[in-house]
There are 2 protein chains.
Amino acid sequence: MAARHPTSYRPVTPVRDLLARSGARITPARETVLAILLEAPRALSHLEVEQAARQRGLTADRVTLYRVLDWLVGQGLAHRIEGQDRVRRFNAEAAVEHAHAHFHCTRCGQVFCLEQPLPRHKPQLPEGFRFEGMELTIRGLCPTCSTQT
Amino acid sequence: MAARHPTSYRPVTPVRDLLARSGARITPARETVLAILLEAPRALSHLEVEQAARQRGLTADRVTLYRVLDWLVGQGLAHRIEGQDRVRRFNAEAAVEHAHAHFHCTRCGQVFCLEQPLPRHKPQLPEGFRFEGMELTIRGLCPTCSTQT
DNA sequence: GACTATGATGCAACTCAATTGCATTTGTGG
DNA sequence: CCACAAATGCAATTGAGTTGCATCATAGTC
């Protein structure tokens with residue numbers, strides 16, 4: 001997988017810099033996982049992260065990856081998406097405001113980030129409800145699956 | 001819990017009628033579960049359905065309830081909502097078009113149906129994606145939880 | 001460069017919703 | 001009332017995610 005902004009005039013912020021900002025420790029697991037998420041074209045499940053990590057030579061426990069992912073979410077470096085299949089997926093959009101919809105393929109289960117932003121305004125809620133955030137998930141078939149009959 | 005349209009000029013369609021339309025068998029489990037969903041003010045998890053069913057004197061296996069719920073969804077009699085907590089919740093909106101947002105309380109986990117409809121139009125999708133449906137989930141605190149500090 | 005405290009990791013066991021296979025029961029059309 | 005397809009019950013299983021605790025490694029300090 002290629003880096004995100006190969007032709008950008010501004011260099012990609014190195015993974016270690018992003019991590020360093022948190023003040024917490026920089027560990028191989030955190031470096032690798034964040035790099036994986038940053039380079040992924042779509043949201044990855046824990047399992048996909050684990051496989052990608054192994055390909056990069058990281059031998060980390062399943063639990064460690066869960067904890068790293070949670071930590072990244074806590075740091076605001078990654079975002080967690082609740083899938084239609086009871087599987088959580090993660091992506092990292094270091095620079096991009098995370099306010100877009102997700103597309104969940106009902107056939108292969110992949111989750112894609114869509115470019116179009118969510119409505120800017122907070123939705124009207126009935127009396128007493130407090131808003132924290134919102135998530136728009138579109139179900140359907142991805143390009144690959146929609147052509148396979 | 002009261003029936004849905006107490007003042008409507010049109011009588012509420014009896015549960016058995018709704019079931020009969022499917023052409024499939026009418027069983028105690030299906031009757032009870034559908035009645036529970038129709039009368040519930042919010043989406044219910046499998047566990048909540050099970051407890052409600054027991055209160056009504058239905059002694060059905062957990063698995064049966066799972067299967068009944070799936071079947072109701074397949075028949076279009078119920079709708080499945082994917083929670084932020086990896087728990088599926090169900091509601092039945094026999095007459096109402098199901099195109100509204102859901103509110104998920106991040107504290108108590110309850111899911112409420114919001115009145116405001118989703119945007120009518122199908123969202124623009126990148127080339128190749130096929131639209132099937134969408135789900136808008138708003139996270140936050142419900143009235144009860146938002147007052148408990 | 002070595003030392004150390006604190007926070008990260010590994011391991012094993014566990015939780016919990018949901019699913020599956022198969023034998024048994026039951027609703028319904030004939 | 002009968003037969004058969006469909007629904008149910010039961011037990012075992014899956015799979016994502018979590019927890020407790022012992023061990024290890026990072027980053028600041030000397």
- To the nearest 0.5 Å, atom CG of B/N91 lies from atom CG of B/L38 at 9.5 Å
- Item | Straight-line distance of A/L141 CG to A/C108 SG, nearest 0.5 Å | 8.5 Å
- With a 4.0 Å cut-off, would you call B/R56 and B/E39 a salt bridge? yes
- Item | Salt bridge present between A/R107 and B/E132 (N-O < 4.0 angstrom) | no
- Task: Determine the interplanar angle of the A/F112 and B/F129 rings, folded into 0 to 90°, and report it as parallel if under 30°, tilted if 30 to 60°, perpendicular if over 60°.
- Result: perpendicular
- Task: If a pair satisfies salt bridge (Lys or Arg N to Asp or Glu O under 4.0 Å) and one of its residues is in residues 68-80 of chain A, list it, with sequence neighbours excluded.
- Result: A/R80-A/E82
Would you say the side chain of [Y] lies within less than 4.5 Å of the side chain of [X], judging by non-hydrogen atoms?
X	Y	answer
A/L72	A/R30	no
B/V73	B/F90	yes
B/R89	B/L44	no
A/D85	A/H104	yes

- Note on the structure: Note: chain A reaches DNA chain C at heavy-atom distances under 4.0 Å over the stretch, first to last nt, 5' to 3', of C/dT6 to C/dA18
- Task: Please list, chain by chain and in numerical order, all residues satisfying salt bridge (charged side-chain N to carboxylate O under 4.0 Å, His left out) with A/R54, sequence neighbours excluded.
- Result: A/E50
- Would A/Q84 and A/T106 count as having a side-chain donor-acceptor pair, cut-off 3.5 Å? no
- Message: How would you summarise protein contacts on nucleotides 11-18 of chain D per nucleotide, using B for base, S for sugar-phosphate only and - for none, with heavy-atom distances below 4.0 Å?
- Response: B----BBB
- Under 4.0 Å protein heavy-atom contact, by nucleotide of nucleotides 21-30 of chain D - B base, S sugar-phosphate only: ----BBS---
- Task: Please report how far the helix from C/dG1-D/dC30 to C/dG30-D/dC1 bends, comparing the axis fitted to its first five pairs with the axis fitted to its last five, to the nearest 10 degrees.
- Result: 30°
